[in-house]
Participant: 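One structure follows; several queries about it will come next.
Residues take their numbers from the sequence shown, with the count starting at 1. Counting starts at 1 for both ligands and their atoms, following the listed order.
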Amino acid sequence: MSQQLFSWFDEARYGLFIHWGAYSAGARGEWVMNRERIPVEAYRRDFVSRFGAEDYDPADWAAKARRWGMRYAVVTTRHHDGFSLWDSAANPYNARNYGPGRDLVRPFVEAFREAGLNVGFYYSPANWASPDYPGPFYRDWPGKEDWRDESSRRRFVAQYRAELEELCTRYGKIDYLWFDGCIPENIDGEETLGMIRAWQPGIAVNNRLGAPYDVRVCEQTINPPKEGGRWEACMTLNANWGYHAGDDRWKTPRDVIELLLTCAQKGGNLLLNVGPRADGAIPEESVRILDEVGEWLRANEASVRASDLSPFSWNNTARPITVKGNHVYLHFLVNPLGSFRWAELSNRVVSARWLDDGSSVHFEQSDGILVLRDLRWSAPGRTVELEVEGVPEPLTRQTTFWIPE
Ligand code: GLC
């Protein structure tokens with residue numbers, strides 16, 4: 001059942017993460033309140049009040065996400081600062097009562113649905129603004145011993161559940177609930193999960209609630225679960241999640257393509273982040289990079305969507321290698337300088353062609369060696385699609401554990 005239920009996720013391989021909130025007004029990342037020990041009152045005065053969302057246009061975000069080739073989006077409905085982006089009755093510290101003066105979540109859901117994208121909510125149980133939250137300025141996350149007392153813990157649990165109920169019952173179908181933190185521990189995640197399943201049957205939930213989950217996430221690294229199962233790597237485009245005006249450590253379009261393909265090769269998704277400014281605009285540099293990736297993806301999509309787990313090991317020229325059904329996709333993100341010799345494929349090759357323009361690629365195959373010739377390369381990379389007989393298999397399985405990725 002879950003196979004079918006989450007087919008949108010397995011098909012997608014690429015999603016948009018959006019970190020946006022009062023911290024965007026500080027322009028130095030989403031942890032600013034904690035790192036700089038800013039009291040709630042001062043944060044409200046200096047950050048929340050300057051979080052205006054004046055140019056917020058979720059239809060434009062959604063159009064961009066589509067153009068970039070993403071199939072779903074996850075937006076921070078509430079980050080650790082405790083400021084809710086929707087008109088919440090459970091949390092008066094929200095975007096209706098302060099800052100923008102309106103619900104920012106509903107237009108988001110409507111625009112992304114309208115654009116045919118799957119919708120996800122990021123939600124952080126950790127809440128630096130809650131008087132019941134142990135230690136908003138802790139350098140480490142609080143642990144289960146840190147609650148003031150049991151009634152404080154209970155109030156906290158009731159409050160975050162009330163917020164989740166609003167998120168899960170007000171906005172129609174939500175596809176993905178993306179928890180951050182498992183923090184603090186013992187927030188009775190299992191019972192919360194039962195409620196979520198009742199409010200939103202069919203929603204995918206990640207593994208950060210401290211309860212059973214549908215999707216395992218890894219952060220700033222590609223580390224699929226050894227035990228198998230659905231997974232997703234989330235990554236920043238520079239080195240911050242929330243908007244940081246000074247951070248120009250951007251990944252290149254080719255870096256992003258390589259990350260996306262590495263996820264696809266390992267049978268998982270890439271959730272790639274943008275951090276809009278306080279007015280709602282996505283930084284120009286992010287747009288430029290993602291436009292270029294999107295252009296590449298339009299021509300190479302077949303090698304990414306619904307990819308299977310690849311059984312192939314690495315080589316120094318065609319990597320990553322993705323696999324789907326009886327197709328193998330050799331990605332040349334570096335110039336093969338005219339030809340490529342692959343000593344790994346056990347299947348007979350039926351045809352070889354460039355994925356971007358469909359033109360055929362000259363190949364010869366004998367004694368377990370496949371040679372591709374007359375390869376015309378261009379940046380940021382081209383893909384050769386091989387059609388093979390049967391399910392793609394390597395000549396020998398990789399048995400060593402050292403794989404340089
Ligand atoms: C971390 C950070 C947070 C960010 C998240 C995304 O847990 O606390 O700021 O939202 O990673 O995965």
Participant: Going by atom types alone, do Glu163 and Ser84 pair a side-chain donor with an acceptor below 3.5 Å?
Facilitator: yes
Participant: State the atoms of ligand 1, each with its element, that fall below the 4.0 Å cut-off from a heavy-atom position in Tyr122.
Facilitator: 10 (O)
Participant: Under 4.0 Å from a heavy atom of His80: which atoms of ligand 1 are those, numbered in the order shown and with their elements?
Facilitator: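 Under 4.0 Å from His80, ligand 1 has these atoms: 2 (C), 3 (C), 8 (O), 9 (O).
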Participant: Less than 4.0 Å between a side-chain N and a carboxylate O, is that true for Glu301 and Arg71?
Facilitator: yes
Participant: Can you measure from CH2 (Trp178) to OH (Tyr123) and round to the nearest 0.5 angstrom?
Facilitator: 15.0 Å
Participant: What atoms of ligand 1 come closer than 4.0 angstrom to any heavy atom of His79?
Facilitator: 3 (C), 4 (C), 9 (O), 10 (O)
Participant: Tell me every residue that passes side-chain contact (heavy atoms from CB on, under 4.5 Å) with Thr169, counting only those two or more places apart in sequence or in another chain.
Facilitator: Glu165, Trp199
Participant: Considering the heavy atoms of Trp31, write down every atom of ligand 1 situated less than 4.0 Å from one of them.
Facilitator: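 Per the distance check, 2 (C), 3 (C), 8 (O), 9 (O).
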Participant: Could you list the atoms of ligand 1 found under 4.0 angstrom from a heavy atom of Arg208?
Facilitator: 7 (O), 12 (O)
Participant: Is there a donor-acceptor pair under 3.5 Å between the side chain of Glu166 and the backbone N or O of Ala89?
Facilitator: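 Such a contact is found between Glu166 side chain and Ala89 backbone.
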Participant: Tell me whether Arg154 is salt-bridged to Glu150, with the criterion being a basic N under 4.0 Å from an acidic carboxylate O.
Facilitator: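 Yes, charged N to carboxylate O under 4.0 Å.
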Participant: For atom 9 (O) of ligand 1, what's the nearest protein heavy-atom neighbour? Residue, atom name and distance, please.
Facilitator: Glu30 OE2, 2.5 Å
Participant: Give the contacting part of Trp178 toward ligand 1: side chain, backbone, both or neither, where contact means a heavy-atom distance below 4.0 Å.
Facilitator: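 Only the side chain of Trp178 comes within reach of ligand 1.
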Participant: What are the atoms of ligand 1, with element, lying closer than 4.0 Å to any heavy atom of Cys234?
Facilitator: 12 (O)
Participant: Who's the nearest protein heavy-atom neighbour of atom 10 (O) of ligand 1, and how far?
Facilitator: His19 NE2, 2.5 Å
Participant: Among protein heavy atoms, which sits nearest to atom 12 (O) of ligand 1, and what does the distance come to when rounded to 0.1 Å?
Facilitator: Glu219 OE1, 3.0 Å
Participant: Pick from Tyr23, Trp141, Tyr138, Trp241: which one makes a ring-ring contact (aromatic ring centres under 6.0 Å, His included) with His80?
Facilitator: Trp141
Participant: Looking at Leu345 and Leu395, what are the two nearest heavy atoms and their distance?
Facilitator: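 Closest heavy-atom pair between Leu345 and Leu395: O-CG, 3.8 Å.
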Participant: Quick one: look up the protein heavy atom nearest atom 5 (C) of ligand 1 and list residue, atom name and how far away it is.
Facilitator: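 Going atom by atom, the protein heavy atom closest to atom 5 (C) of ligand 1 ends up being Asp180 OD2, 3.2 Å.
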Participant: Could you tell me whether ligand 1 has any atom less than 4.0 Å away from a heavy atom of Gln220?
Facilitator: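 No; Gln220 lies far enough from ligand 1 that no heavy-atom distance drops under 4.0 Å.
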